[in-house]
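Below is one structure, written out as structure tokens, with a few remarks after it.
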Amino acid sequence: MNAIACHDGPFLPQMARILEVTAMTAREKFFRVALPAPLGHRPGQFVMLSLLGIGEAPISISCGPRDDNILEMVIRNAGSLTQVLHRLQPGQFVGVRGPFGSGFHLADFYGKDVVFIVGGLGLVPLRSLIQPILAQPDLFGHVTIISGCRTPAEELYREELQSWSRMGGERRPVTVIRLVDDTAHLPWDGRIGLVTAPIADLAMDPDRTLVALCGPPVMYKFAIMELTGRGIAHSHIFVDLERRMKCGIGQCGHCQINHLTCCQDGPVFRLDRIVDLQEALQ
Amino acid sequence: MKPKVAFFDFASCEGCQLAVLNCEDAFLDILNLVDIVEFREAMSETAPRFDVAFIEGSIHREIDVQRLQGIRARSSVLVAMGACACIGNVQARSNFIAPAENFKRVYGEADRNLVQSDPEFWPLWAHTRVRAVKEIVSVDYELRGCPIVPEEFVHLVKALVVGSIPSFPANAVCVECKMAENECVFDQGETCMGQVTYGGCKAICVTHGYRCDGCRGFLPQANRVAHQAVLREKGLSDAQIEHRYRLFCSAQFVGRENRR
Amino acid sequence: MRPFLLRRDELPNWIKHLARESQVYFPQRAGRSGFRFKQVREGSLIQLEHYRPTIVPPGKKLFPAEEILFRYQTMGDEIPVVTPVLDASKQILAGVRPCDLKGIDLMDRVHGEGVPNPHYLSRRTHTTIIACDCLYPCDDACFCDAVGSLGWRKNADVFLTALDDEILVESFSERGRTLVQRTALPVCDAVDSFKERVDVRRSKPFGRQFSVPLSQIGPIIAGQWSSPVWENHVQRCFSCGSCNLVCPTCYCFNVRDDFELSDGSSGGRTATWDGCMLPTFSIVAGGHDFRPLALARQRHRVKRKFQYLTQRFEEGAFCVGCGRCGRQCTANIDIFDIVNDLIQKVEG
């Protein structure tokens, strides 16, 4: 084979040095890495994270847009690659491709009340939108964050959730509702119940409320049902979907949702654009 | 400290251990990464604990069951290596024949009767059923095939060394036949077990002009009802189909229903 | 440039002449009834007619079963070095039928639009295609005419039409013209009458036909999600993925990493064929499976060919009608039958 080298390509990772690895729960670790150059991402985008020789997987970007070359991620130990990633130390290298996907456009949310409904790992990608919205109180309305997980031991970003709840003011209130399915005999200062339960009691003006949803597949159906019941239009709901992905550039075929690819057209979709696609929320 | 690795053989031809030795270059690299503490094909030494135990062979006698349980108790990771350990292999066909009948076939009727009446031979009679390793102890990984595929062995060792999870996709042999651009065995007028059999062997038998006889075992999604229908349409009798199904896999579905 | 004429018995010499200068692939026997695009050698048997579609389509020469994307080298605390691997060897694919020609065109779009795939495009740039016309269907499985592939010419560099003892040699690209001009061939003075005779000779109807025009098939399939037709055609499915892997318009791939045991510091990343009929195709880390049933996978495959990708790329069909999937399915599941049954459900 006549092999020639080229110096750029969509399959080539940039090498990023790990700055921080912190255990968040028994299964999740927080990673902060330094890229050679700023990533320049939008909220809701993702990267393909790899360990050379071991493998590559799609990982949500967990930090809001930033000017420096820092990238924050939360990685659950859920597979071959992530098991090895969990043993990495600061100073070691990971490969990063991206950012990929449509993500959220902050301008869509200007002047709006924003409701975040997140289950389990769903908080990880939506933190990339929560951060910039909370950082600019003048641009957005009432912010509500409903965050649920199975047990107190599985709650992610607890300190941040608590500090976000204190960031509200008269002009821009912030409400944070934390829930668990089961306290599992652990101390718990939030509510008990499903993440969809508080929707019924939220003070929402359907005309000026946008909702961002991210969680396990089963959550979407019930959350959308509740929201629709409260008069929220599909065009006001954004869903962040998960699919198997091996390339990030719409070519490996794994994340096909009808005529769309989750990695390029998503993973963030405005609900009215996919609600009629049978493969989207099945 | 290097991981301690051991190889144990039960009822088998030890061909899989030979296949390991045949990894040659890779085997020498592996020796740099792990300490092999038991390996009958190559050395003899015993250790109290193993990081990885490779089990070759099917399990027949009560004494083998106890030995296997002992190994499991001393091992962090246990790997069933080869068709004998994973699915019983050809010797499990004896599960369908009464032991007395088997002894008659092998030793003749007179010796069979002698064996039956002499207590010295009674331990032989403890052999009642050929079992795969996972029927007796929990198995962490399976290296399938008769013999194993050296590349899969190396892949497993690499994964164990770096602490990742080895991947042995549950895909049919057909996948690798297509990748090798083999003419389908059915188009050659023959019949094949490939559609319902675990791939990973690079379709070696078909690539070399034979058919797949299913030495790597039935896939979890094996549509056996449809497969039998296809074989019947190709002119195989029910007895011939049963023969094909039992050749390697007699011990695979003991006590389990045919599932899709 | 005006088309040339080649005597049919001169074709092997011409192909072998090309093969002395370049890597030429031509369909040749593989096994009892199969054909494969094999490299042409001096002793190769070169026949244009009577070959059934090859086991895998010629487009796979642009998208091999295993492809190294890059190699890497780590060096202690230094930044690892990653080096892409691109295949830029020249090749000629000769004897490509119109169905496979269209398949390659669709793959050019898949790999070329949006974020281009440099590995595919590197091979594609260095590939010349000599296609050939079909005067009659290759066998009962063919339905190229029904999906609009039979008349496909667009991306051929050279196009051959064989009639009786003569072959009309047309070139549709600069590369094709250069290739043809390297051989001194007589000019064809009566192209129109040649083509008229070809059209008279061509089988009509050509292969299997749907009962509705192609433009109606997409909407018909789009309207059927829970039709019993899906269940009928999946009873015998083995989920073996053969239909995917032999398809000219299947392009899904998996990616895996590997490292050298000897040093532990070098290795590479490889793309390998994958298929949406395989049970592991849609499983994410954590175990959720978006298409756990063979029925859902089969439906997805058919809808990709006739609904999803046609919508995404604004094409009539992403199935080229080569018939490989049905021909090579040991359970005799045929995408033509599935689509036909879906049409009948609507049309009665």
Side-chain angles (χ1 to χ4, degrees), chain B residues 23 25-34 151 154-155 157-159 161-162 164-165 167-192 194-197 199 202 206 209 219-227 229-231 233-234 260, chain C residues 29-38 52 54-57 60-61 64-66 234-247 250 254 256-264 267 272-275 277-281 283 285 292-294 297 324-325 327-333:
Chain B
C23 292
D25 289 356
F27 189 68
L28 296 176
D29 294 329
I30 290 169
L31 289 180
N32 288 328
L33 296 168
V34 303
E151 288 83 358
V154 173
H155 172 71
V157 170
K158 284 179 176 177
V161 166
V162 299
S164 65
I165 301 167
S167 142
F168 303 108
N171 290 335
V173 173
C174 303
V175 170
E176 284 151 346
C177 257
K178 298 300 169 286
M179 290 174 106
E181 212 179 341
N182 289 333
E183 180 181 43
C184 182
V185 169
F186 286 87
D187 287 337
Q188 301 169 28
E190 248 287 10
T191 52
C192 188
Q195 308 105 307
V196 288
T197 300
K202 306 274 179 204
V206 183
L219 284 160
Q221 74 268 21
N223 187 347
R224 294 195 284 164
V225 174
H227 188 246
V230 169
L231 295 184
E233 284 162 25
K234 296 290 173 188
R260 183 93 178 256
Chain C
R29 278 221 173 266
R32 204 161 113 161
S33 59
F35 285 86
R36 223 181 264 168
F37 273 85
K38 285 200 273 203
R52 289 187 2 162
T54 46
I55 297 161
V56 305
K60 304 295 180 193
K61 295 278 180 222
E66 296 203 339
V234 87
Q235 295 287 345
R236 283 163 59 109
C237 179
F238 297 118
S239 295
C240 72
S242 293
C243 48
N244 290 136
L245 303 180
V246 301
C247 177
C250 270
N254 212 338
R256 61 148 202 267
D257 278 35
D258 200 6
F259 62 92
E260 293 292 333
L261 259 184
S262 51
D263 57 5
T272 58
W273 290 351
D274 203 348
M277 287 306 298
L278 298 173
T280 51
F281 188 77
I283 301 177
L293 297 177
R297 297 193 293 271
R324 282 188 181 86
C325 54
R327 203 179 283 121
Q328 299 204 33
C329 177
T330 54
N332 295 325
I333 301 167

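First the proteins, then the strands, lettered A, B, ... as listed; each starts at 1.
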Donor-acceptor check, side chain of C/R36 to backbone of C/R29, threshold 3.5 angstrom: yes or no? no

In terms of heavy-atom proximity below 4.5 Å to chain B, should C/D258 be classed as side chain, backbone, both, or neither? side chain

Under 4.5 Å from any heavy atom of chain B - which part of C/F281: neither

Indicate yes or no: at least one non-hydrogen side-chain atom of C/C329 is less than 4.5 angstrom from one of C/C243. no

Please determine, among B/M179, B/E181, B/K234, the option with the most heavy-atom pairs under 4.5 Å with chain C. B/E181

Using non-hydrogen atoms only, which part of C/V56 is less than 4.5 Å away from chain B: side chain, backbone, both, or neither? both

What part of C/F35 gets closer than 4.5 Å to chain B, counting heavy atoms only: side chain, backbone, both or neither? backbone

Heavy-atom pairs under 4.5 Å with chain B: which of C/S239, C/A331, C/A30, C/G241 has the most? C/A30

Counting only non-hydrogen atoms closer than 4.5 Å, does B/V196 touch chain C with its backbone (N, CA, C, O), its side chain (CB onward), both, or neither? side chain

Salt bridge present between B/E233 and C/R236 (N-O < 4.0 angstrom): yes

Test item: C/C240 and B/L219 side chains (from C-beta on) under 4.5 Å apart, heavy atoms: no

Between C/E66 and C/R256, does at least one N-O distance fall below 4.0 Å, as a salt bridge requires? yes

Could you tell me whether the side chain of C/N244 and the main chain of C/M277 form a donor-acceptor pair under 3.5 Å? yes

Report which part of B/H155 has an atom under 4.5 Å of a heavy atom belonging to chain C: side chain, backbone, both, or neither. neither

Checking B/N32 against chain C: side chain, backbone, both or neither under 4.5 Å from a heavy atom? neither

Portion of B/V162 that has a non-hydrogen atom of chain C nearer than 4.5 angstrom: side chain

Side chain from CB out, backbone as N, CA, C, O: work out which of these in B/L33 comes under 4.5 Å of a heavy atom of chain C, or both, or neither. side chain

Flag, side chain of C/Q328 to backbone of C/I55, donor-acceptor distance under 3.5 Å: yes

Can you check whether B/K158 reaches B/S164 side chain to side chain, under 4.5 Å on heavy atoms? no

